[in-house]
Amino acid sequence: MLSTMQDVPLTVTRILTHGMTIHGKSQVTTWTGEPEPHRRSFAEIGRRASQLAHALRDELGVDGDQRVATLMWNNSEHVEAYLAIPSMGAVLHTLNLRLPAEQLVWIVNHADDKVVLVNGSLLPLLAPLLHRLPSVEHVVVSGPGDRSALDGVAPRVHEYEELIAGRPVSYAWPELDERQAAAMCYTSGTTGDPKGVVYSHRSIYLHSMQVNMAESMGLTDKDTTLVVVPQFHVNAWGLPHATFMTGVNMLMPDRFLQPAPLADMIEKERPTHAAAVPTIWQGLLAEVTAKPRDLSSMASVTIGGAACPPSLMEAYDKLGVRLCHAWGMTETSPLGTMSNPPAGLTEEQEWPYRITQGRFPAGVEARLTGPGGESLPWDGESAGELEVRGNWIAGAYYGGADGEDLRPEDKFSEDGWLKTGDVGVISADGYLTLTDRAKDVIKSGGEWISSVGLENAIMAHPDVAEAAVVAVPDEKWGERPLATVVLKEGATADYAALRTFLAQSVAKWQLPERWTIVPAVPKTSVGKFDKKVIRRQYADGELDVTQL
Ligand code: AMP
């Protein structure tokens with residue numbers, strides 16, 4: 001028997017029309033570096049999204065599921081693009097502005113982008129590449145920045161504001177199939193070519209509902225979220241969509257991502273929530289330690305994208321800011337887990353839950369697979385590769401050219417689950433603790449050492465700002481850990497002191513013999529420790545390593 005219920009498609013269009021009417025007064029505030037930030041209501045953004053759709057279709061000829069790319073910071077025009085492009089049936093392709101030029105060229109060509117919306121301040125990045133991007137017919141520039149870099153380049157150039165001005169403020173949005181592509185994002189591609197993940201209207205809609213649940217971020221129209229995580233990185237963790245569903249105000253940092261302006265905007269605009277990777281919170285902590293600011297408005301912060309060191313969580317607890325750990329990937333939209341502790345616990349009992357990556361929502365099923373492909377129990381001890389499936393999890397990659405493997409066997413199991421490449425344990429009550437990336441785990445004499453475990457223990461030392469641990473070849477043990485450490489300004493701890501400190505919390509056989517102090521840990525385009533760079537630096541003898 002079939003149900004008697006209506007079958008209304010789950011679309012970004014619905015998110016847009018709902019947000020601009022029911023929550024029309026909510027605001028997107030964009031930091032400008034001027035005394036006053038720029039403010040635009042959801043109603044206004046909705047109207048301008050219609051104007052943008054008209055401009056793209058009527059003036060630039062965007063049709064069907066053509067790709068419209070963005071090379072933009074987090075700002076209100078980028079939100080307009082997020083809503084207009086999928087709603088008109090086209091596909092939004094967010095470009096990561098921190099990628100090396102070669103990868104950007106590869107990605108734009110692979111996705112066959114027809115239009116690029118770009119912030120003026122990013123023209124020096126885009127303009128020199130345009131002659132290698134044959135599919136790009138139009139460039140649309142918004143916001144401040146010198147336009148002269150575009151002089152004489154091939155595609156037609158438009159000013160965003162001029163292009164949308166005077167066009168109708170409503171649009172006859174088409175009826176879309178909810179399984180249709182809405183947006184795409186390429187993985188950061190630490191190995192091989194980047195891989196395109198294509199989100200559907202349905203996956204975005206369901207993911208947004210999950211982000212809004214109290215067991216996840218649980219925000220309402222009384223909240224303001226500071227969206228530091230870039231819109232080019234997994235749709236800013238789904239926040240622009242989720243907020244339009246519930247009227248949460250957004251505070252957008254634009255290009256002002258350094259610790260000092262972030263601290264200033266928190267003090268002035270008083271967001272109640274924020275989302276960013278650990279390196280941002282490390283930087284902000286150092287900033288407010290040196291020059292105190294009032295962060296007390298931020299009741300909760302979602303932190304993920306890389307492991308959150310417990311010491312960082314403790315430091316923010318002292319400032320009255322509660323960090324909530326989350327795990328996800330480009331392939332998982334990204335919300336995979338969040339570490340809200342179970343009910344009925346004291347603060348002290350909550351702690352061991354808070355430092356896990358968190359538990360899975362109903363939309364994400366998980367299993368652990370051992371090295372021989374065996375299924376491992378959820379006992380908090382058996383470590384294996386995490387595999388997931390669910391309504392907002394990728395089942396394949398985007399591909400065009402012949403011979404491209406869109407379901408590589410190292411990424412998808414035979415029965416269709418996503419192999420995350422993350423290694424960890426799951427407790428009997430469903431909390432995930434990641435111990436490593438499969439490729440980062442240190443295999444020493446037949447035992448596994450968790451690089452993340454060592455990093456967290458080293459970062460708990462008061463003199464340490466950051467620490468990254470990688471596996472390096474060792475004649476006797478196969479691999480051993482190399483600890484690279486960034487000291488806080490003025491700190492004096494030496495290797496022996498660090499090792500003695502580490503010995504208090506780590507088994508003796510796991511203690512690194514090789515140590516090096518570095519000015520900064522190399523980071524990937526999305527702000528994570530770039531361990532392959534450290535491994536290469538070590539192999540090339542570029543690091544000044546002390547052996548204890
Ligand atoms: P990306 O697709 O660039 O967002 O990278 C996803 C990867 O980031 C995951 O597979 C994990 O290795 C890592 N990651 C994300 N969140 C966390 C977290 N909370 N703890 C540890 N690693 C994380």
Side-chain angles (χ1 to χ4, degrees), residues 73-74 94 96-99 185-190 194-195 197 199 207 210-211 216-217 225-240 242 253 257 259 262 273-285 298 300-313 316 321-339 354-358 360-361 364 386 388 392-394 418 420-424 432-440 451-452 455-456 459 466-468 521-533:
W73 305 105
N74 289 12
T94 50
N96 180 343
L97 56 90
R98 300 203 198 285
L99 283 184
C185 184
Y186 281 73
T187 60
S188 15
T190 40
K195 306 237 177 356
V197 175
Y199 308 104
H207 180 263
Q210 182 61 48
V211 168
S216 298
M217 299 188 207
T225 177
L226 168 60
V227 188
V228 185
V229 55
Q231 286 185 260
F232 59 72
H233 188 208
V234 216
N235 298 326
W237 297 351
L239 280 164
L257 292 166
L262 284 176
H273 172 262
V277 294
T279 46
I280 294 279
W281 301 114
Q282 297 274 19
L284 187 75
L285 183 64
M298 283 197 303
S300 69
V301 159
T302 306
I303 181 167
C308 170
S311 52
L312 188 65
M313 213 175 261
Y316 274 93
V321 176
R322 189 175 168 106
L323 303 187
C324 185
H325 203 187
W327 165 85
M329 319 167 60
T330 306
E331 289 90 334
T332 67
S333 291
L335 204 116
T337 60
M338 271 195 81
S339 70
R354 289 182 59 200
I355 59 175
T356 70
Q357 268 69 15
F360 302 93
V364 181
L386 173 68
V388 290
W392 51 86
I393 311 288
L418 173 75
T420 65
D422 287 323
V423 173
L432 168 74
T433 301
L434 290 184
T435 47
D436 244 312
R437 289 291 289 165
K439 59 181 187 307
D440 290 337
S451 65
V452 177
E455 286 160 8
N456 285 342
M459 284 193 272
E466 271 185 337
V521 174
K523 306 268 165 46
T524 69
S525 62
V526 289
K528 305 180 189 194
F529 290 171
D530 199 339
K531 296 196 177 178
K532 81 179 175 323
V533 171

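Since the structure is predicted, the reported quantities are computational estimates derived from the model, not experimental observations.
Between S451 and D440, the side chains place no donor N or O within less than 3.5 Å of an acceptor N or O (distance only, hydrogens not considered).
A pairwise comparison of heavy atoms in G336 and P361 identifies O-CD, 3.1 Å as the closest pair. Across every non-hydrogen atom of I303 and W237, the tightest pair is C-CH2, 4.3 Å. Residues T187 and V197 come closest through the heavy atom pair CG2-CG2, 4.3 Å. The two atoms that bring T279 and E466 nearest to each other are CG2-OE2, 3.6 Å, heavy atoms only. Here the shortest heavy-atom pairing between P278 and A306 reads CG-O, 3.5 Å. In this structure, L257 and L262 approach most closely via the heavy-atom pair O-CD1, 3.5 Å.
Here the CG-CD distance, from L239 to Q231, works out to 9.5 Å after rounding to the nearest 0.5 Å. One finds the OG1 atom of T302 at 11.0 Å from the CG atom of L226 (value rounded to the nearest 0.5 Å). In this structure, the separation between CG on D422 and CD on Q357 is 8.5 Å, given to the nearest 0.5 Å. Here CE of M217 is found 5.5 Å from CG of L335. Values are rounded to the nearest 0.5 Å. Of the inter-residue distances, the one linking H325 atom NE2 with T337 atom OG1 reads 7.5 Å to the nearest 0.5 angstrom. Expressed to the nearest 0.5 Å, how far CG of L432 lies from CE of M338 amounts to 13.5 Å.
When side chains are defined from C-beta on, M298 does not count as touching Y316, because their heavy atoms never get closer than 4.5 Å. Under the 4.5 Å side-chain criterion, counting only non-hydrogen atoms from C-beta, L386 is in contact with W327. Between M329 and L418, the closest side-chain pair of non-hydrogen atoms falls below 4.5 Å. Under the 4.5 Å side-chain criterion, counting only non-hydrogen atoms from C-beta, P334 is not in contact with H233. R354 places a side-chain heavy atom less than 4.5 Å from the side chain of R322. The shortest distance between side-chain heavy atoms of L97 and F232 falls below 4.5 Å. Side-chain contact between V452 and L434: absent, with no pair of heavy atoms (C-beta onward) separated by less than 4.5 Å. Looking at heavy atoms from C-beta onward, Q282 lies in side-chain contact with M459 at the 4.5 angstrom threshold.
Side-chain atoms of T94 do not come within 3.5 Å of backbone N or O of C185 as any donor-acceptor pair. For the pair S333 (side chain) and H207 (backbone), a donor-acceptor distance under 3.5 Å is absent.
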| field | side-chain contact (heavy atoms from CB on, under 4.5 Å) assessment of K195 paired with Y186 | value | CA-CA 5 Å; K195 306 237 177 356; Y186 281 73; 5.6 Å; no
| task | Kindly determine whether L285 and L312 satisfy side-chain contact (heavy atoms from CB on, under 4.5 Å), including the steps that lead there. | result | CA-CA 9 Å; L285 183 64; L312 188 65; 4.0 Å; yes
